[in-house]
Amino acid sequence: MTQPAKITEIAPGCFNLRAPFTILAGIVDIGTHMSFIKLSSGKFVLLSTVQLDAQAKKEVHDLTKGGELIEAVIGTNPFHTLAFEQFYELYPNAPFYGTPRHIRKYKEIPWAGSVTDPAVLTRWAPELALELTQGGEFDDPQPESTNHFAGVVAIHLPSKTMVVDDCFRVSKNPGIIERGIFGRRDMEVSFHWSLYNDALYKTPSAVQTFHDWVLHLTKTYDFDNLSTAHGGILIGGAKAELVLGLEKARVALKKMAVARGGDLVY
Ligand SMILES: [Fe+2]
């Protein structure tokens, strides 16, 4: 029996592949994702990587014509690294761009560049905008076990789709804890929990910097859809949900800013 396709085109030219990713000694599967952005040239920019099983390998091969159409493979979150070795073995001729942590960790990959280079971030503009989260450490986030907030946020303008790993999260079928304790509803957009402890620099201005950067995303880019690594994919209304999420977070963010000697003005 043929299995359903693993790669899905969530919006025109924006393809998403979801894969299992377990935490807590393999007990809880929080899932993860990689994306394939089809440029007007017909080539693809790949955002992150996931472990590929046999079917996913075939689908990636078919979509990219055996890798011929891969223009770039980009490491987007410093801690989403585990599948890069496998992907490099499969596609050793593709240009890989990493976060500083990717580049430090996998020295056998001949990195074509770092996502901290503005020339890399703007290379595919205006079709594909790439931005780094602001207000927190991106090069070497600490503590490594929990501070996975920072990353590259990608916006594919033709399909109005934002792709992020950890900083934003779409709640998909929230369970009793998420609903009961955090008051989340289905398809609500919120922020990775580390925002409220280690994600941002503990300086007076970091909260304001982060807050204003989220607003900048909503004012600068026209997007309707949002794909998040460990949550769901929201098709339609994503910008309004992100704004609502920011509004909901403001009380806690302001308290945090004041505790760090600053303020949050909006
Ligand atoms: Fe993550």
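One-based numbering, in listed order, for ligands and for the atoms of each. Quantities reported herein were computed from a predicted structural model and do not represent experimental measurements.
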message: Does the plane of the ring in His148 sit parallel, tilted or perpendicular to the ring in Phe79? Use 30° and 60° as the thresholds.
response: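 Ring orientation, 0 to 90° scale: parallel.
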- prompt: Would one find more than 12 heavy atoms of other residues, nucleotides or ligands at under 6.0 Å from atom NZ of Lys105?
  reply: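 Yes, enclosed.
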- prompt: In this structure, are over 12 heavy atoms from other groups packed under 6.0 Å from Lys65 atom NZ?
  reply: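 No, NZ of Lys65 has 12 or fewer neighbouring heavy atoms, counting only those of other groups under 6.0 Å.
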task: At a cut-off of 2.8 Å, list the protein N/O/S atoms near the Fe ion (ligand 1), residue plus atom name.
output: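 Protein N/O/S atoms under 2.8 Å of the Fe ion (ligand 1): His80 NE2, Asp166 OD1, Asp166 OD2, His230 NE2.
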- request: Apply side-chain contact (heavy atoms from CB on, under 4.5 Å) to Ala199 and list each qualifying residue two or more places apart in sequence or on a separate chain.
  value: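 For Ala199, the residues satisfying side-chain contact (heavy atoms from CB on, under 4.5 Å) (neighbours in sequence not counted) are Asn147, Phe149, Ser194.
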task: May I ask you to check if Arg250 and Tyr266 form a cation-pi contact, with NZ or CZ under 6.0 angstrom from the six-membered ring centre and within 45° of the axis?
output: yes
- prompt: Could you state the interatomic distance from CE (Met34) to CD1 (Ile74), rounded to the nearest 0.5 Å?
  reply: 11.0 Å
